[in-house]
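Here the structure is laid out as structure tokens; the discussion comes afterwards.
Just so it is clear: chains get the letters A, B, ... in the order the sequence lines come, proteins before strands, and each one is counted from 1.
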Amino acid sequence: MENSEIARILNEIADLLEIKGDNPFRIRSYRNAALTIENLPFHLETMVREDESRLDEIPRIGKGLHEKIVEIVNTGRCRYHEDLLKEIPHSLLDLLRISGLGPKKVQTLWKELGVTSIDDLERVLKAGLIKKLPGMGAKTEEKILRSLEEFKKRMGRFKLATALTYAQALVSYLRELDGIYQVEPAGSLRRRKDTIGDIDILVTCRKGVPVMERFVNYREVREVLAKGDTKSSVILKCGIQTDLRVLSKESFGAALHYFTGSKNHNIAIRERARKRGLKISEYGIFREDTGERIGGEREEDVFRSVGLPFIAPELRENRGEIEAAEEGRLPKLIELRDIKGDLQIHTRESDGANTIEEMAASALEMGYQYIAITEHSKAVSVAKGLDEGRVLEHMKRIEEVDRRFKEKGLRVLKGIEVDILPSGDLDLDGEVLKRLDIVVGAVHSKFNMTKEEMTERVIRAIETGLIDILAHPTGRLIGEREPYPIDMERVMDVAKRFGVIMELNAYPDRLDLNDIHCKLAKDKGVMVAISTDSHNRMHLWNMKYGIYTARRGWLEKEDVLNTRSYTDLLKVIEERRGLPSP
DNA sequence: GCCGTTTTCGGCCCGACTGTTTTCAGTCG
């Protein structure tokens, strides 16, 4: 059973308890535990089966949750969860996902009108029954109707790249206004999470009202949800909810920290402040006893007040960054400028749009020292994948381009993205693969294997000793295709033995490895290569999204292969190939 | 249900906006 499945059950218990009106702190405990489990860098079921007592080392899991987790792992079920579902219909939980509907309103709808599903909700909305309920009126009914439509339309989240594009345009628009001091996007966008629920923008300015006016009149606004003096919310035409908050200069830092989150990072920081007799809110840092303000203008004030160094936004997930900060072992996170080359690039020879020369010229403009040309292999026929003969021909063309770019400072490596067949065999002859400078291996077919089958498939491929880099290791396409099931810990253990490097595919739809897998690789001492998988010249610029994810995964320059110089890169590959084969 | 620099009971982060209220509950982040 996956960690996410255990977390889902615990989250559902929390939802059910909320509708029941249970103790809010117990509910929080379930949510905290669920979040902790989602973020674990190891497979919880395996750990519990090996040594149940190690559960006690995990924070926010006490006696009660310990028992429930063991039960879930052993039986696949949780009696407490099932008992709750006997009282409360499961489909009621969908209603909580509609904004404006919380546990109390859902309970009222259920008890008073017998609403137990989205369909029921639509029915009572059409019949105009909601405005007759206690505590609800015509406006509530209308709001729920709008939220329901929004919910059906956007069901889910937006890719980071999409949200960043819209946010940056809006920030520029707001900056044009006179009297604006600071405009800063916060939230999961600033933490560079791979998907974004909504955009939060913070502003300081001479006068708040004109900013709010300008915001709600932005050309991209579809609907204004709320408009106040300090906070307004809109839905953009693309469907992203966007909130703007106006702050005083003296509280900007505290607010930036607060609205950057994550929620659990904030709770941990505030808890820390409370123990020091301080109170941290989005308005600043105050002494609990006297109420005296001791800071808040700069974000650093928040960290300093609780005795910590600055923690980069990408790390703020309460995944150990506070402890690391305390012990002075925060990572020095990788930056875009550390990248010296790109190791997965396609050209017209397979399914790319540009020539080798064009890709090389763009790479040179970006200041890179090297690129690898990695076409698909023959199994990926839709992408005009290469057979052995075409690989050898293509190698000559790459060598020719390399000769011309060498003196300009760019080396062009002969590579391939060889298909890992369902059997785990590679799609090209080993003798041909050995003649290439770099071999990237990847799964592109038969995604519906079981976890065991897929893990074996990839491990077999690694054990050929012929793969240097394992590309997009989970095959996910954000918002379109779930990652295929694979035991990443086992894969990385084998990769470590064979010196195989794990790819972080920087293409915005992939970001694969994800942040948690990057951290896992780092912890296991497996090197990561950040590659764009470029199919045209513009794609080369996607490297930044890979960097964002790498930073969320605690990666430093040293953890990433393509921060190496050309000669050091070759050394790493050479050493790997020199490792004893089975 | 978790947790301990107020340590095994009694707390648990904090504030804005909305709508239906007439002093506040619900929701959200």
- Task: Nearest whole angstrom, please: distance from the P of dC14(B) to the CG of Asn266(A).
- Result: 12 Å
- Message: Need to verify one output field. Residue with the more 5' nearest nucleotide on DNA chain B, Pro103(A) or Lys139(A)?
- Response: Lys139(A)
- Item | Same-atom distance (P) from dG11(B) to dC17(B), integer angstrom | 30 Å
- Task: Just name whichever nucleotide pairs with dC3(B), Watson-Crick or G-U, keeping both distances under 3.5 Å, else none.
- Result: dG10(B)
- Note on the structure: Comparing nearest nucleotides in DNA chain B, the 5'-proximal residue of the pair Ser281(A), Thr140(A) is Ser281(A)
- Would you say Phe286(A) has more than 12 foreign heavy atoms packed within less than 6.0 Å of its CZ? yes
- Message: Say we look at dC13(B) and dG4(B): how far apart would their P atoms be, to the nearest angstrom?
- Response: 14 Å
- Query: Going by atom types alone, do His66(A) and Glu52(A) pair a side-chain donor with an acceptor below 3.5 Å?
  - Reply: yes
- In whole angstrom, what separates Glu57(A)'s CD from dC2(B)'s C1'? 17 Å
- Query: Between dG1(B) atom C1' and Ile27(A) atom CD1, what is the distance in whole Å?
  - Reply: 11 Å
- Interatomic distance where NZ belongs to Lys231(A) and C1' belongs to dG29(B) [whole Å]: 6 Å
- Message: Whether the side chain of Glu141(A) engages the backbone of Gly137(A) through a donor-acceptor N/O pair (distance < 3.5 Å, no angle test) should be reported.
- Response: no
- Hey, do the aromatic rings of Tyr507(A) and His472(A) have their centres closer than 6.0 Å? no
